[in-house]
Each structure stands twice: as structure tokens, then as C-alpha cells.
Q: 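Right, I'll just put the structure down here and ask away after.
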Amino acid sequence: MIVLGIETSCDETSAAVVRDGSAILSNVVASQAALHDRYGGVVPELASRRHVETLVPVLREALEKAGVGASDLDGVAVTNGPGLIGALLVGVSFAKAFAWVRGLPLVGVNHLEGHLTAIRLERETVVSPHVALLVSGGHTSLYRVDGFGEYAELGRTHDDAAGEAFDKVAKMLGLGYPGGAAIERLAAEGDPAAIRFPRPQRRSGDLSFSFSGLKTAVANHLAALGRSPTDREIREVCAGFQAAAIDVLVEKTARAARETGVREVLIAGGVAANGALRREMARVLAESGVRAVHPSPALCTDNAAMIAAAGSRRIARGERAGLDLNAYSRLPLGSPARASG
Ligand code: KG4
Ligand code: ZN
């Protein structure tokens with residue numbers, strides 16, 4: 001079964017061709033980062049317009065790279081939430097028209113399920129049940145995953161997502177958007193013990209997160225300097241901030257693994273591309289015999305292959321979306337496709 005995936009939920013325009021839900025034939029990602037950089041964050045209206053301009057060329061490239069024609073496809077999977085509503089609608093409208101013209105089965109895919117399924121493009125089996133830490137620019141949640149499509153949320157952030165905190169701190173330091181990768185690079189050259197930032201919610205005894213206080217602590221630290229930070233101070237802030245964020249993410253994930261008794265933990269979403277987070281997670285979980293797995297960095301950040309991987313499984317189960325398929329800015333994982341939004 002060859003499935004075309006389409007992803008336009010935020011600032012990446014992506015199309016991918018995936019065989020049997022596991023083999024990537026192509027995965028083309030056109031990032032809009034340069035477009036939004038000067039605003040220090042995604043401007044929704046600009047994102048929608050850029051998706052309109054980019055989607056068809058990206059799709060053509062994906063088919064070309066995969067060496068398939070539209071007539072070789074067996075289905076179309078498109079992200080229909082959560083995300084920026086205007087951006088989502090570009091992908092959903094296109095996918096509906098494309099599937100209708102070609103007479104192909106269509107399914108809407110929850111973006112979060114896409115992130116949690118990306119690992120299946122690289123690893124045949126993921127042990128279930130497992131705990132998944134979904135940590136991206138828009139979400140920070142822990143789930144117990146009992147199998148594909150079966151998710152129980154164990155905890156989530158009360159305020160900012162971890163990736164959002166990385167991006168906001170990067171903005172304060174003038175590192176551009178998105179800033180996660182830049183912070184990781186600079187943190188590697190800074191002393192993580194030089195500045196001790198707070199670890200919000202770390203000892204809360206539950207599985208929830210909070211990152212806005214950490215972000216504010218960084219802002220206060222920079223304001224207290226009363227001048228621009230030196231290069232060395234920037235590296236120290238990056239290292240101190242990243243260490244605090246990782247501490248909380250690892251501590252809560254380890255707690256979730258303990259409470260559920262799972263042997264495997266999946267880290268997914270854009271922030272899972274962070275090497276320091278992966279290493280610390282693997283180290284701490286190994287102490288209790290739990291294994292940490294994660295997709296390779298290119299499959300952690302937004303891409304359409306993960307949407308095709310999840311969509312393939314839904315199509316194989318006989319799921320079909322009608323031409324009334326809609327897009328939803330809020331779409332909880334595990335909710336029926338028609339959640340209100
Ligand atoms: O999953 P994703 O591409 O989009 C959302 O669904 O949100 O995640 C993007 C987020 C951004 O906040 C970005 O700064 C962060 O992932 N990110 C990183 C790294 N690479 C991307 N954060 C920390 N370290 C990284 N290496
Ligand atoms: Zn994402």
C-alpha cells in the first residue's frame with residue numbers, strides 16, 4: 001500500500017510517499033523558518049499563504065523522488081489538527097480535491113499521532129504498552145500508548161510547551177526562530193552549572209509540566225544584567241536553561257515509566273531532536289532497566305512521512321474521511337475525528 005502524506009499544520013510544508021506504513025519512499029519538507037524568523041515566531045497568515053504557494057511544488061517533488069505517479073497511490077493522509085487553522089485548511093482542502101479527483105481513500109490524521117508514529121518508519125516494533133513523551137513547539141504531554149491508536153494522556157504542561165520555551169529563550173538571546181537547535185549548539189559550549197535556573201513542577205508529585213516560570217527566570221536573569229550578555233554569558237544561559245528543561249522532562253518521564261511499569265519510553269516531537277535530552281533520558285531510564293527510543297532528528301520535527309505512517313494504519317483499518325473532512329485548531333489525541341475546534 002502506497003500512501004501520500006500531507007502536512008501543513010504549522011510552518012513546514014511537507015509531502016511524503018510511504019510504502020506499507022513503514023518505508024519512506026520520499027519525505028520532502030519545505031521549512032518556512034526564514035519567512036517567520038524576523039518576527040521571532042510563526043505569523044499564521046503568512047504561513048497559510050506560503051503553504052498555498054509551496055504545497056503543489058513540494059508534492060510534485062515528493063512523487064518524483066519516490067519514483068511514483070499519482071496513479072500508483074493507494075490513499076491520501078492529511079493532518080487535520082491540531083495546528084494553525086488557516087494552515088491546516090490549505091492541506092485539508094488540497095487533499096480532499098486530490099483524493100476526489102483520483103478516486104483515492106482519504107483519512108485525516110491527528111498531528112500528535114503522527115509524531116508518536118514516526119518511530120515506526122525506522123523500527124519495526126515498538127513495545128506496547130510504552131510511555132511516550134511528546135515534546136514539541138506546541139505540546140508537552142506524557143501518554144501511555146497501548147498500541148497504535150490507543151492513547152491515554154498521563155499529564156501535560158499547564159502553560160508553555162517545552163519547545164515554545166526554547167524558542168522564547170532563543171528570541172531573548174537574539175538567536176533567531178526556531179531556536180531549539182541553536183540553544184542546543186551553544187549549550188554544548190557553556191557550563192550548565194554556572195547559572196542555576198528553577199525546575200518548575202519538578203517535585204509536584206504528578207506528571208504535569210510548567211515552563212513559563214523557567215522562561216521568566218531567564219528573562220529576569222537577562223534583565224538583571226542591565227546590558228547585553230557577552231558570548232560567554234549567552235552560552236551559560238543556554239546551558240543553564242537547557243539543563244533545567246531537561247531535568248524536568250526526564251524526571252517526569254521516569255516517574256511515568258515507574259507508575260505504569262513500562263519497559264520502553266518513546267521521546268517524540270521537535271524537542272526530541274535534542275541530543276542532550278536523548279542522552280540524559282537514556283542514562284536515567286537505564287538505571288531502572290527502561291529503554292529510551294526516539295526517531296532520528298529529521299523525523300522528530302514536523303514532516304509528512306509520519307502523517308503517512310499513521311494514515312496508512314488508519315486506511316488499512318478501513319477508516320475513510322468524507323469530503324466533509326474538516327480542520328481543527330484543537331484536536332485532542334484519541335478523540336474522534338469530529339472534535340469541535
Ligand atoms: O514537532 P515540531 O517540528 O513542531 C511542532 O509540532 O511544534 O517542533 C518544533 C519545536 C520548536 O520549538 C523547536 O525549537 C524545537 O522543536 N526543536 C528543538 C531542537 N530542534 C527543534 N528544541 C531543542 N533542541 C533541538 N535540537
Ligand atoms: Zn509537530
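Note that ligands are numbered from 1 as they come in the structure, with each ligand's atoms numbered from 1 the same way. Below, all heavy atoms of this structure are taken into account, side chains as well, without hydrogens, waters or symmetry copies. Nothing here was measured: the structure is a model prediction, and the numbers come from that model.
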Q: On the 0 to 90° scale, with breaks at 30° and 60°, tag the Tyr151-Phe148 ring pair as parallel, tilted or perpendicular.
A: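 The rings of Tyr151 and Phe148 stand perpendicular, inter-plane angle above 60°.
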Q: For atom 3 (O) of ligand 1, which protein heavy atom lies nearest, and how many Å away is it?
A: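 In this structure, atom 3 (O) of ligand 1 has Asp302 N, 2.9 Å as its nearest protein heavy atom.
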Q: Which atoms of ligand 1 have any heavy atom of Gly163 under 4.0 Å away?
A: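 Near Gly163, the atoms of ligand 1 are 12 (O).
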Q: Has ligand 1 got any nitrogen or oxygen that is less than 3.5 angstrom from a nitrogen or oxygen of Gly269?
A: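 N/O-N/O distance under 3.5 Å: no.
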Q: For ligand 1, does His115 get within less than 4.0 Å through its side chain, its backbone, both, or neither, judged by non-hydrogen atoms?
A: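 The answer is the side chain of His115.
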Q: Examine Phe209 together with His158 and report whether their ring centres are nearer than 6.0 Å.
A: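 No, too far apart.
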Q: Could you tell me whether any N, O or S atom belonging to Cys10 is less than 2.8 Å from the Zn ion (ligand 2)?
A: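 Short answer: no, not a single N, O or S atom is under the cut-off.
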Q: Is Glu164 salt-bridged to Lys168, cutoff N-O under 4.0 Å?
A: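 Salt bridge present between Glu164 and Lys168.
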Q: Let me check something: do Phe211 and Leu154 share a hydrophobic cluster, defined by ILVMFWY side-chain heavy atoms less than 4.5 Å apart, either directly or through other members?
A: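 Same hydrophobic cluster.
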Q: Could you tell me the residue and atom name of the protein heavy atom closest to atom 21 (C) of ligand 1, and the distance to it rounded to 0.1 Å?
A: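 Its nearest protein heavy-atom neighbour is Gly270 O, 3.4 Å.
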Q: Salt bridge check: are Glu150 and Arg144 linked by an N-O gap of less than 4.0 Å?
A: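 No, Glu150 and Arg144 are not salt-bridged.
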Q: If you have a sec, work out which protein heavy atom is nearest atom 14 (O) of ligand 1 and how many Å separate them, to one decimal?
A: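 Of every protein heavy atom, Asp167 OD1, 2.6 Å lies nearest to atom 14 (O) of ligand 1.
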Q: Looking only at protein heavy atoms, identify the closest one to atom 22 (N) of ligand 1 and say how far it is in Å.
A: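 For atom 22 (N) of ligand 1, the nearest protein heavy atom is Gly180 CA, 3.4 Å.
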Q: Could you tell me whether Arg50 and Glu12 make a salt bridge, using a distance below 4.0 angstrom between a side-chain N and a carboxylate O?
A: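 Here Arg50 does not pair with Glu12 in a salt bridge, since their nearest N and O are not under 4.0 Å apart.
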Q: Looking at ligand 1, would Ala181 count as a contact under a 4.0 Å heavy-atom criterion?
A: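 For ligand 1, residue contact (heavy atoms, under 4.0 Å) with Ala181 is present.
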Q: Between Arg49 and Glu53, is there a salt bridge with N-O shorter than 4.0 Å?
A: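 No, Glu53 and Arg49 are not salt-bridged.
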Q: Pull out every atom of ligand 1 sitting under 4.0 Å from any heavy atom of Thr301, numbered as shown with elements.
A: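 Going through ligand 1 atom by atom, the ones under 4.0 Å from Thr301 are 3 (O).
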Q: Under 4.0 Å, heavy-atom basis, I'd like to know which part of Asn274 is in contact with ligand 1: side chain, backbone, both or neither.
A: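 Both backbone and side chain.
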Q: So which protein heavy atom does atom 26 (N) of ligand 1 come closest to, and at what separation?
A: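 Result: Glu184 OE1, 2.7 Å.
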Q: Out of His111, Arg278, Arg185, who is nearest to atom 6 (O) of ligand 1 when you count heavy atoms only?
A: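 Ranked by closest heavy atom to atom 6 (O) of ligand 1, first place is His111.
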Q: How far is atom 10 (C) of ligand 1 from its nearest protein heavy atom, and which residue and atom name does that atom have?
A: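 Result: Gly137 N, 3.5 Å.
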Q: Looking at Asp206 and Lys252, is any side-chain nitrogen of the basic one under 4.0 Å from a carboxylate oxygen of the acidic one?
A: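 So Lys252 pairs with Asp206 through a salt bridge.
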Q: Hey, is ligand 1 close enough to Gly138 that some N/O pair sits below 3.5 Å?
A: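 Among all N and O atoms of Gly138, at least one is under 3.5 Å from an N or O of ligand 1.
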Q: Let me check your reading of the structure: within less than 2.8 Å of the Zn ion (ligand 2), is there an N/O/S atom from His111?
A: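 Yes, within the cut-off.
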Q: Looking at Asp302, which of its N, O or S atoms is the nearest one to the Zn ion (ligand 2)?
A: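 Answer by atom name: OD1.
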Q: Taking the basic N atoms (NZ, or NE/NH1/NH2) and the acidic carboxylate oxygens, is any pair closer than 4.0 Å for Arg199 and Glu251?
A: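 No, no charged N to carboxylate O under 4.0 Å.
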Q: Going by an N to O cut-off under 4.0 Å, is there a salt bridge joining Arg283 and Glu287?
A: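 A salt bridge links Arg283 with Glu287.
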Q: Tell me the closest heavy-atom pair linking Arg314 and Gly149, and the distance in Å.
A: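 Nearest heavy atoms, Arg314 then Gly149: NH2-CA, 3.9 Å.
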